[in-house]
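Data block below; observations after.
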Amino acid sequence: MARFTRIEVAQKMAEQGMVPLFYNQDIELGKKVLRACYAGGARLLEFTNRGDYAHEAFAALNKYCEAELPEMIMGVGSVTDAGTTSLYLQLGANFVVTPVLREDIAIACNRRKVLWSPGCGSLTEICRAEELGCEIVKLFPGGTYGPEFVKNIKGPQPWTSVMPTGGVSPTEDNLKGWFNAGVTCVGMGAQMISSDILKDGTFEVLEKRVADTLALIKKLRQ
């Protein structure tokens with residue numbers, strides 16, 4: 001069962017402005033990533049469902065958060081069907097992110113009052129997602145659409161909350177474009193938790209990168 005309500009998750013996404021994305025089968029490596037992100041100030045992390053037995057790694061890491069990093073809100077990403085969604089909900093996922101809009105996933109999450117964020121690529125899809133109870137829409141792939149897309153849809157729909165994933169990097173120019181366009185938060189995978197950090201074990205670099213990015217987002221919002 002989720003430890004955080006969908007309202008709490010949506011508020012934290014809006015407050016923090018960034019959701020790091022990560023996947024690795026190595027549970028001990030995952031713990032180090034979580035600790036570094038937590039020390040850097042992040043209170044959200046999306047564990048992407050991208051490998052065999054990924055749910056087992058997620059379960060172990062989510063239990064670790066509950067015991068050692070109590071404010072960390074772990075969710076799951078790259079989910080494409082209701083069955084997988086239900087599996088992760090049973091393992092305590094606090095939010096579910098999908099690359100596509102699927103009504104069966106919306107139903108599964110809404111039944112448990114868990115935040116879900118579907119990948120959308122048109123205003124029609126965004127409207128349908130909101131009709132199904134979505135609080136924050138994932139724009140995916142973000143780099144394909146860009147900040148201008150967000151700016152244009154916010155015109156007729158200023159109430160829409162958008163989280164682009166893909167095409168987002170922790171640079172001032174990139175983040176300024178997105179936040180000036182009106183995004184609620186951004187998702188960052190390899191641009192934040194890069195392969196060289198995982199390979200070299202330089203988790204102090206990740207901690208600083210997270211802290212610097214959160215500070216930059218705060219500055220850009222002022």
Side-chain angles (χ1 to χ4, degrees), residues 2-4 8-51 54 56-78 91-95 97 115 117 136 138 142-143 163-179 183-222:
R3 292 190 296 120
F4 300 88
E8 290 172 327
V9 176
Q11 288 175 334
K12 185 58 67 175
M13 285 181 173
E15 174 191 326
Q16 183 169 284
M18 178 187 70
V19 180
L21 283 66
F22 168 75
Y23 170 74
N24 198 286
Q25 291 180 323
D26 188 328
I27 293 171
E28 293 307 312
L29 180 66
K31 290 178 181 179
K32 292 175 183 177
V33 168
L34 281 164
R35 282 200 301 269
C37 289
Y38 199 80
R43 293 296 181 266
L44 294 154
L45 187 133
E46 176 189 325
F47 185 84
T48 53
N49 176 52
R50 293 188 177 177
E56 295 181 0
F58 175 87
L61 294 175
N62 203 24
K63 290 177 183 177
Y64 173 74
C65 286
E66 184 173 0
E68 303 293 336
L69 311 173
E71 295 179 21
M72 179 60 84
I73 303 172
M74 266 197 75
V76 62
S78 300
L91 297 175
N94 293 287
F95 61 92
V97 182
L115 182 139
S117 184
I136 298 176
K138 174 181 177 179
M163 175 178 66
T165 301
V168 181
S169 62
T171 65
E172 184 164 0
D173 284 347
N174 184 277
L175 291 174
K176 184 177 181 179
W178 287 114
F179 282 97
V183 301
T184 296
C185 61
V186 296
M188 268 191 274
Q191 294 290 339
M192 176 59 58
I193 307 173
S194 55
S195 58
D196 57 323
I197 288 175
L198 301 179
K199 179 182 177 182
D200 300 334
T202 52
F203 296 102
E204 68 280 0
V205 174
L206 175 57
E207 179 182 339
K208 185 176 186 303
R209 186 177 294 172
V210 169
D212 289 348
T213 303
L214 291 175
L216 177 56
I217 290 172
K218 184 177 180 179
K219 171 189 165 186
L220 292 171
R221 285 171 156 177
Q222 291 175 346

Margin query: Quick one, Arg3 and Cys65 - any side-chain contact, counting heavy atoms below 4.5 Å?
Written below: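 Yes, their side chains come closer than 4.5 Å.
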[X] side-chain N/O to [Y] backbone N/O, donor-acceptor pair under 3.5 Å:
| X | Y | answer |
| --- | --- | --- |
| Arg35 | Glu68 | no |
| Asn94 | Met74 | yes |
| Gln16 | Arg43 | yes |
| Ser117 | Ile136 | yes |
| Asn62 | Ala2 | no |
| Asn49 | Ala54 | no |

Cut-off 3.5 Å, no hydrogens considered: what does the side-chain donor-acceptor table look like for residues 212-222, sequence neighbours left out?
unit_1 : atom_1 : unit_2 : atom_2 : d
Asp212 : OD2    : Lys208 : NZ     : 2.6
Thr213 : OG1    : Arg209 : O      : 2.7
Lys219 : NZ     : Glu172 : OE2    : 3.4
Arg221 : NH1    : Ala14  : O      : 2.9
Arg221 : NH1    : Glu15  : O      : 3.1
Arg221 : NH2    : Ala14  : O      : 2.9
Arg221 : NH2    : Thr184 : O      : 2.6

Checklist line | Lys176, NZ atom: more than 12 neighbouring heavy atoms under 6.0 Å | finding: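 Open: at most 12 neighbouring heavy atoms sit under 6.0 Å from NZ of Lys176.
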Margin query: As a test of understanding, state which of Leu175, Leu21, Val183 forms a side chain to side chain contact (heavy atoms under 4.5 Å, CB included) with Val168.
Written below: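 Output: one option passes, namely Leu175.
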Checklist line | ring-ring contact (aromatic ring centres under 6.0 Å, His included) contacts in which one or both residues fall within residues 10-40, not counting sequence neighbours | finding: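 Those involving residues 10-40 are Tyr23-Phe47.
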Margin query: Would you say Asp196 and Ser194 are linked by a side-chain donor-acceptor pair, where the criterion is simply a distance under 3.5 Å?
Written below: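 Result is yes, a qualifying pair exists.
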Notebook entry, point to check: Taking atom CD1 of Ile193 and atom CG of Leu34, what is their separation to the nearest 0.5 Å?
Noted result: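 Ile193 CD1 to Leu34 CG: 8.0 Å, rounded to 0.5 Å.
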Next item on the list: List the atom of Asn24, the atom of Ala57, and the distance in Å for their closest heavy-atom pair.
Entry: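 Shortest heavy-atom separation between Asn24 and Ala57 comes out as O-CB, 4.2 Å.
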Check: Any idea which heavy atoms bring Pro164 and Gly142 closest together, and the distance?
Finding: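 For Pro164 and Gly142, the tightest heavy-atom pair comes out as CB-CA, 4.4 Å.
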